[in-house]
Amino acid sequence: MTLHASWFRRLFAVLACWCLISDFNGIYAAEPDTPVRRIVSPWGISSSASSFRNHEEWFPKMAEAGVTTVRLFPEWSNFEPKQGTWNWTDGDRLIKSATDHKLEINAILMGSRPGSKSIHAFPMEDLESWSRYVSTVVGRYKNQIRYWEVWNEGNGGFNDGHHTTTDYARLAVATYEAAKKADPHAQVGLTVASFDAPYLHQAIRAMAAQGKSNSFDFLCIHPYEIADGLAETDGEVPFLWMNRMLRSMLKEAAPERANAEIWMTEVGHRLTSNKERSITELDAANALARMYTMAIAQGITCTQWFEAQDPAGEDQGFGLLKRDGSPRAAYRTMKVLASELGESPKYQGWLALGDLKRGYGFVFAGRSSDVLVAWMPTGFKSDTASRTLTFAKDVNVTNAISTVTTKLTAGNPLVLSDIPMIIAGLPADLVQQARDNSVQNFPWGGDYTSAKTVSFQAGLPDQVQGVTPRGRGNYPTVTFADRSAGLVVAGDINHPVSLYAHPSFASFQTREYYVRATVRRLAAGNVGMNLRYEAADSQGRMPYANVGQWFGVSQESTWQTHTWHVTNACFSKMWGNDIVIAPEQSIPFAIGKIEISVVPFK
């Protein structure tokens, strides 16, 4: 999501007549020689290059909200407009402002070499110059910057050279060695757009193939698509398992880095309103509260909301602040969360809340007391009793969206909704219960660790046994005379059905799956479909592959099944789903059941 190069080049053209050009030993000597190292806080912000121009305005507002880290840094061509000529104006300006407001910068190392016509292509043809740039910049700011990312979303929109995971591995190795040469304490991270765990996996394996294993210190993800799922019932499930999935990948590909820090260096909700979807300020605030809470609970080191303030010239609607600098609801939510949980909240464990155990609850040792952050799933319909909590002592309850705090006396009911509530002063027995739960898998959506097959069966209600359709509300349910049911699919290429398997099912290393669809026609005419699935090695290209085996439904008006067999899958939910039932030039039809298995169906 972050855009860098074009604006910085324009800025340099404007400032070139007066900016201070110096050699590496030049102008920024205000900082102490000994770096200050503090524990990384989970409260972070990521911003686009356009936000650089007025960062002195929004830095103090972020600090006031409890933010401690900011992902923002100029590109190579800004520092070295001509080979061997260094311009430190913008970098020093950024560091000074961050230091003034007690913010820590985590930097992106990316950009084109001096004189290059390419914009965001890996500098594979001149890694020697790239390494020199990395060592020079890391060496200059080693007392102020600890965390350095290798490129930004090289698996996505910032790969103009169409480079592969092998290329990214070579770039990362060169960056790691150059950074460590300048600062042995520097932390070098690999980064991807979305939740592209397979790309990270292949890059790490490519490092090993080069004889350069473990040439990284931390991983960075940008799981916008998984975060979008929070608008759906139990969309929390894939989000909560990202850390576990990456740990599984690291244990196989880089066991010495199995405990490496994981950062969410971009995630957010853009405000929008159209016929397909509407996201309001309150929706974004709700999503922010859930994301930061669940990120801390699953062990993600730092989460960085994109972005701080809507900048002029870029998409409007991501910022915690509007273009005029006034706060949105999400800003207030960030502030109250950081205040109640403290700069370094300690996760205690989880609680499945309500009579049906459907509510999400996460307990932390907060700023001044034990704190529970709790909510019910989006769209969850039940009687009040299934959503009611009581406490054995008085507690303070803060609405994470309105930020209003009220005192709830012992024994009085608190009825949960999908709005996160922050409950401070939690009774000791609930804290202990959460601690006991912390050693177990998250319970929501079930546990399919030992299952060979998972499934989704449409009906009233649906039977969800480890497979969940995305956007279920977009597909009406039809009931047939024999009392069987299915979800209605439009049949055209623009209305595929996306589904994901529960993250506890199979493993990151599983490559072979069998997918069986049970479908039924609704009228005479063509009914046909294919299967797209998440592939294990996309080389940074399209992450979903087509099986290439067409299923055409016969003219019989009964339930019919078809099984696809894939052997190179990796179900990590990069775009929020694992498989897609993709119809084409088809009339509407019904899907009754989808099954995913690691063994052949009998």
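Nothing here was measured: the structure is a model prediction, and the numbers come from that model.
- The line from CG of Asp234 to CG of Leu230 is 10.5 Å long, rounded to the nearest 0.5 Å.
- Between Lys96 and Asp100, at least one side-chain N (NZ, or NE/NH1/NH2) sits under 4.0 Å from a carboxylate O, which counts as a salt bridge.
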Where do Asp228 and Arg277 land on the side-chain contact (heavy atoms from CB on, under 4.5 Å) test, with the steps shown first? CA-CA 11 Å; Asp228 285 345; Arg277 191 180 187 193; 3.8 Å; yes

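- Considering only heavy atoms from C-beta on, Leu341 stays 4.5 Å or farther from Tyr292 through its side chain.
- Side-chain atoms of Arg71 and Asn152 include a donor-acceptor pair closer than 3.5 Å.
- For Arg270 and Asp310, the salt-bridge test fails: no basic side-chain N is under 4.0 Å from an acidic carboxylate O.
- Side-chain N or O atoms of Asn54 include none that pairs as donor or acceptor with a backbone N or O of Glu57 at under 3.5 Å.
- Minimum heavy-atom separation, Trp130 to Pro123: CE3-CG, 3.7 Å.
- A donor-acceptor contact shorter than 3.5 Å is absent between the side chain of Ser344 and the backbone of Ser41.
- Atoms CG and CZ, from Asn106 and Phe218 in turn, are 7.0 Å apart once rounded to the nearest 0.5 Å.
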Going through the checks in order, is the ring pair (Phe, Tyr, Trp, His ring centres under 6.0 Å) test met by Phe362 and Trp350? CA-CA 5 Å; Phe362 303 94; Trp350 55 262; 8.6 Å; no

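- Side-chain N/O atoms of His502 and Thr468 include no donor and acceptor closer than 3.5 Å.
- Using a 4.5 Å heavy-atom threshold, the side chains of Met421 and Val373 count as separate.
- Side-chain contact between Met110 and Glu149: absent, with no pair of heavy atoms (C-beta onward) separated by less than 4.5 Å.
- Under the 4.5 Å side-chain criterion, counting only non-hydrogen atoms from C-beta, Pro74 is in contact with Leu94.
- Salt-bridge formation is not detected for the pair Arg387/Asp418: no Lys NZ or Arg NE/NH1/NH2 atom is positioned less than 4.0 Å from an Asp or Glu carboxylate oxygen.
- Phe122 and Tyr168 have tilted rings, their planes meeting at an angle from 30° to 60° on a 0 to 90° scale.
- A donor-acceptor contact shorter than 3.5 Å is absent between the side chain of Lys407 and the backbone of Val395.
- No side-chain donor-acceptor contact under 3.5 Å links Ser51 and Gln309.
- Between the side chain of Ser339 and the backbone N or O of Lys335 there is no donor-acceptor pair closer than 3.5 Å.
- Expressed to the nearest 0.5 Å, how far CG of Leu200 lies from CD1 of Ile221 amounts to 8.5 Å.
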Ring pair (Phe, Tyr, Trp, His ring centres under 6.0 Å) between Tyr147 and Trp263, worked out: CA-CA 10 Å; Tyr147 290 86; Trp263 288 47; 4.6 Å; yes

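- A 4.5 Å side-chain heavy-atom check between Val188 and Val150 finds at least one atom pair inside the cut-off.
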Apply side-chain contact (heavy atoms from CB on, under 4.5 Å) to Val267 and Ile226, showing your working. CA-CA 10 Å; Val267 72; Ile226 291 179; over 6 Å; no

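- In this structure, SG on Cys570 lies 9.0 Å from CE on Met249, to the nearest 0.5 angstrom.
- The closest side-chain donor-acceptor pair between Tyr141 and Asp92 falls under 3.5 angstrom.
- Taken from CE in Met264 to CZ in Phe195, the straight-line distance is 9.0 Å, to the nearest 0.5 Å.
- Although no hydrogens or angles enter the test, the distance criterion places no donor-acceptor pair under 3.5 Å between the side chain of Trp88 and the main chain of Arg140.
- Tyr544 and Asp578 form no side-chain donor-acceptor contact under 3.5 Å, judged by distance and modelled atom types alone.
- Of the N and O atoms on the side chains of Arg290 and Thr378, at least one donor lies less than 3.5 Å from an acceptor on the other residue.
- In this structure, Phe59 and His55 have tilted ring planes: the angle between them lies in the 30° to 60° band.
- Remark: the Asn259 side chain and the Arg247 side chain contain no N/O donor-acceptor pair separated by less than 3.5 Å.
- Between the side chain of Tyr331 and the backbone N or O of Ser326, no donor-acceptor pair lies under 3.5 Å.
- The heavy-atom pair separating Ala424 from Ser369 by the smallest distance is CB-OG, 3.7 Å.
- Smallest separation of non-hydrogen atoms from Ala186 and Val138: CB-CG1, 4.2 Å.
- Between the side chain of Asp283 and the backbone N or O of Thr280, at least one donor-acceptor pair lies under 3.5 Å.
- Not one N or O on the side chain of Asn577 forms a donor-acceptor pair closer than 3.5 Å with the backbone of Leu499.
- Of the N and O atoms on the side chains of His120 and Glu75, at least one donor lies less than 3.5 Å from an acceptor on the other residue.
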Test side-chain contact (heavy atoms from CB on, under 4.5 Å) on Ser572 and Phe508; report intermediate values, then the result. CA-CA 7 Å; Ser572 67; Phe508 184 87; 4.3 Å; yes

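- In this structure, a donor-acceptor pair under 3.5 Å is absent between the side chains of Glu56 and Ser97.
- For the atom pair CH2 of Trp43 and CG of Leu103, the computed distance is 15.5 Å after rounding to the nearest 0.5 Å.
- A salt bridge between Glu232 and Arg472 is absent, with no side-chain N of the basic residue lying under 4.0 Å from a carboxylate O of the acidic one.
- Ser194 places no side-chain N or O within 3.5 Å of a backbone atom of Asp196 that could act as its donor or acceptor partner.
- The closest side-chain donor-acceptor pair between Gln348 and Arg435 falls under 3.5 angstrom.
- Cation-pi contact between Arg358 and Trp444: absent, since separation from the ring centre below 6.0 Å together with deviation from the ring axis within 45° is not met.
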Worked verdict on Trp58 versus Leu321 for side-chain contact (heavy atoms from CB on, under 4.5 Å): CA-CA 8 Å; Trp58 55 263; Leu321 305 174; 4.0 Å; yes

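- The side-chain contact (heavy atoms from CB on, under 4.5 Å) with Leu219 is formed by just one residue from the set Thr301, Leu190, Thr191, Ile300; it is Leu190.
- A side-chain donor from one of Glu307 and Ser48 sits under 3.5 Å from a side-chain acceptor of the other.
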Working note: Glu236 + Trp241, criterion side-chain hydrogen bond (donor to acceptor under 3.5 Å, both in side chains); need CA distance, chi angles, decisive distance, verdict. CA-CA 9 Å; Glu236 290 86 350; Trp241 284 73; over 6 Å; no

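- Side-chain contact between Glu225 and Lys573: absent, with no pair of heavy atoms (C-beta onward) separated by less than 4.5 Å.
- Side-chain contact between Phe318 and Pro311 is absent, with no heavy-atom pair separated by less than 4.5 Å.
- Considering all non-hydrogen atoms of both residues, Ile145 and Ile105 come closest at CG2-O, 3.5 Å.
- When all heavy atoms of Ile422 and Val371 are compared, the closest pair comes out as CG2-CG1, 3.5 Å.
- Using modelled atom types, no side-chain atom of Arg328 and backbone atom of Glu281 make a donor-acceptor pair closer than 3.5 Å.
- In terms of heavy atoms, Pro503 sits closest to Val237 at CD-CG1, 3.7 Å.
- Looking at heavy atoms from C-beta onward, Phe79 lies in side-chain contact with Val137 at the 4.5 angstrom threshold.
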